[in-house]
Amino acid sequence: MAPPDRTTAHPTDSAPSSGIPRKVWFHTFGCQMNVYDTGKMRAQLSADGYVDAEGPDDADLILLNTCSIREKAVQKMESALGGYRRLKRDGRPLVIGVAGCVAQQEGQTLLDRHADLDLVFGPDGVPHVRSLVARAREGARVLDTEFLDLDTYPFVPDVDPGPQGVGAFVTIQKGCDNKCTFCIVPTTRGAEASRPSDQILDEVRALVARGVSEITLIGQNVNSYGLKTPGEITFARLLHAVAAVPGVRRIRYTTSHPRDMGDDVVEAYRALPALTSHLHLPVQSGSSRVLRRMKRFYTRERYLEVVAALRAARPDLVLTTDIIVGFPGETDDDFDATMQMVEEADFVGAFSFKYSPRPGTPALRLADAVPDAVASARLDRLQQRLRERSLAWSRRHEGQVVEVLVEGPSRHDEAVVCGRTSGNLMVNFPGDTRLVGQLVAVRVTRGFTNSARGERVD
Ligand code: 5AD
Ligand code: SF4
């Protein structure tokens with residue numbers, strides 16, 4: 001077996017396509033950023049003749065785009081990788097690569113552990129995926145976990161050539177400069193760099209030309225967009241600029257940090273009807289003491305102030321959040337503060353997680369771990385309450401007429417279509433697929449925990 005090839009020159013990135021049809025199977029884990037990166041890899045590899053395989057059995061390249069945010073995500077990817085590696089045993093020429101955050105975190109260790117793994121590269125390898133794959137195809141075992149220069153970061157312009165829905169992600173920054181003590185992202189995705197706004201707007205226009213009308217701007221901490229780049233516009237200005245692109249009907253964004261939610265962004269909720277009423281604003285904990293230990297740089301009072309300002313600007317704001325339970329040192333009182341926060345901030349949904357110690361993160365040094373059984377019991381209690389709140393919110397819509405942006409046929413019934421409200425309620429109603437991409441008035445007849453049913457009103 002050839003030794004890992006560590007060169008970082010990328011000679012074939014812009015070489016013309018060889019024209020040979022090849023098949024790639026992507027398996028994507030984790031967040032929207034990974035979904036987006038996979039699209040960018042698909043776009044670049046299509047220049048080398050790659051098309052999507054129908055399944056892993058039919059592929060000659062398998063790329064796992066991995067997530068390391070919690071231990072469970074890493075375990076999931078290991079078991080999938082085991083299955084893919086078995087496909088190599090029948091001797092067919094198959095290149096297997098691990099990309100994304102686990103690849104960045106484990107690097108050489110992954111190659112050492114799996115002798116038949118061909119390619120390992122982190123998130124900064126995405127812009128160079130063509131040359132990385134080409135070298136692996138030639139028989140080298142390729143490792144690329146170098147971080148690229150932030151000033152010249154090559155954000156990939158090509159749009160995913162795969163089928164395009166009504167909504168699409170557009171990345172506005174890479175990496176994260178925060179150091180939340182539980183979080184591995186700054187290690188795996190490196191420092192923050194903002195994508196030039198003209199490139200972002202070009203991508204938005206290209207997506208609109210392909211039928212997209214809902215744009216979700218993504219980054220690890222979107223509120224800090226542009227602040228480090230001389231001459232770049234702010235996140236609030238970017239929201240205005242995207243809203244001004246003809247054909248953009250809705251704008252969402254994720255993820256935002258409560259500390260950096262400026263008055264100008266709050267103001268955008270008054271000025272821009274296209275900015276949706278749903279906001280995902282991770283709180284992580286309702287206890288100021290825990291927030292301090294997480295290095296979040298806001299208190300529970302400050303978080304609630306930000307929420308109040310946002311609701312003043314947009315009275316029908318729908319708020320969801322991320323919550324970690326069982327962070328080291330979390331007492332019963334701290335957890336009760338989180339439960340109260342759920343009520344006070346009026347969260348209608350949340351991604352909630354048990355704290356998972358991650359390699360190299362500062363929280364590892366905190367000695368006072370919460371026993372697993374205690375953390376599990378807290379998580380159950382929290383999730384139970386969140387389910388009740390989500391159902392109550394959905395049921396509050398019963399009898400109301402809402403505006404739904406139709407996304408496609410329902411998974412369960414061809415005569416039914418589904419779409420979301422500005423507040424992000426998923427509504428299913430009888431209708432045909434000619435409605436896809438249109439804003440339709442729908443009366444909600446029944447609310448469920450994660451969706452609602454309705455009927456069209458003319
Ligand atoms: N353990 C549990 N949850 C975590 N998150 C990030 N790191 C960890 C961790 N070590 C959660 C945070 C973040 C979301 C994307 O994942 O809530 O907002
Ligand atoms: Fe992680 Fe905090 Fe950065 Fe979010 S803001 S990616 S939680 S370090």
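Both ligands and their constituent atoms are indexed starting at 1 by order of listing.
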- Query: Would you say Arg70 has any N or O atom under 3.5 Å from an N or O of ligand 1, going by distance alone?
  - Reply: yes
- A student checking ligand 2 against Phe182 at a 4.0 Å heavy-atom cut-off should list atoms 7 (S)
- Which of the numbered atoms in ligand 2 are below 4.0 angstrom from a heavy atom of Pro186? 8 (S)
- Note on the structure: Nearest heavy-atom contact between Ala268 and Leu239 is CB-CD1, 4.2 Å
- Cation-aromatic face contact Arg70/Phe353, 6.0 Å, 45 degrees: yes
- Query: Which heavy atom of Thr145 sits nearest a heavy atom of Ala103, and at what distance?
  - Reply: CG2-O, 3.7 Å
- Task: Record the part of Pro282 in heavy-atom contact with ligand 2 below 4.0 Å; permitted values are side chain, backbone, both and neither.
- Result: neither
- Message: How far is atom 5 (S) of ligand 2 from the closest protein heavy atom, and which atom is that?
- Response: Asn178 ND2, 3.4 Å
- Task: State the atoms of ligand 1, each with its element, that fall below the 4.0 Å cut-off from a heavy-atom position in Arg358.
- Result: 10 (N)
- Could you tell me which atoms of ligand 1, counted from 1 in the order shown, lie closer than 4.0 angstrom to a heavy atom of Phe182? 6 (C), 7 (N), 8 (C), 9 (C), 10 (N)
- Message: Using a 4.0 Å cut-off to any heavy atom of Gln220, which atoms of ligand 2 qualify?
- Response: 6 (S)
- Message: Heavy atoms only, cut-off 4.0 Å: how does Arg296 contact ligand 2, side chain, backbone, both, or neither?
- Response: side chain
- Under 4.0 Å from any heavy atom of Cys176, which atoms of ligand 2 are there? 3 (Fe), 5 (S), 6 (S), 8 (S)
- Carefully, step by step, assess His257 and Tyr298 under the rule ring-ring contact (aromatic ring centres under 6.0 Å, His included). CA-CA 10 Å; His257 194 298; Tyr298 53 85; 5.7 Å; yes
- Of all protein heavy atoms, the one nearest atom 10 (N) of ligand 1 is Ser356 O, 2.8 Å
- Query: Of all heavy-atom pairs between Gln44 and Val126, which one has the smallest distance, and what is that distance?
  - Reply: NE2-O, 2.9 Å
- Query: In terms of side-chain heavy atoms, does Thr254 have a donor or acceptor partner in His280 at a distance below 3.5 Å?
  - Reply: no
- Item | CZ on Phe169 to CG on Asn34, rounded to 0.5 Å | 11.0 Å
- Task: Measure the CG-OG distance between Leu379 and Ser352 for me, rounded to the nearest 0.5 Å.
- Result: 5.0 Å
- Indicate yes or no: does an N/O atom of Asp322 lie under 3.5 Å from an N/O atom of ligand 1? yes
- For ligand 1, is there an N or O atom under 3.5 Å from any N or O atom of Ile324? no
- Going by the order shown, which atoms of ligand 1 are within less than 4.0 Å of some heavy atom of Gln284? 12 (C), 13 (C), 17 (O), 18 (O)
- Message: Can you tell me if Lys228 has over 12 outside heavy atoms packed within less than 6.0 Å of its NZ?
- Response: yes
- Query: Under 2.8 Å from atom 1 (Fe) of ligand 2, is there an N/O/S atom belonging to Cys180?
  - Reply: no
- Task: Answer with side chain, backbone, both or neither: which part of Asn221 has a heavy atom less than 4.0 angstrom from an atom of ligand 2?
- Result: neither
- For the residue pair Leu272 and Arg314, what are the closest heavy atoms and their distance? O-NH2, 3.0 Å
- Query: Who's the nearest protein heavy-atom neighbour of atom 1 (Fe) of ligand 2, and how far?
  - Reply: Cys183 SG, 2.2 Å
- From Trp25 CH2 over to Leu63 CG, what is the distance, rounded to the nearest 0.5 angstrom? 12.5 Å
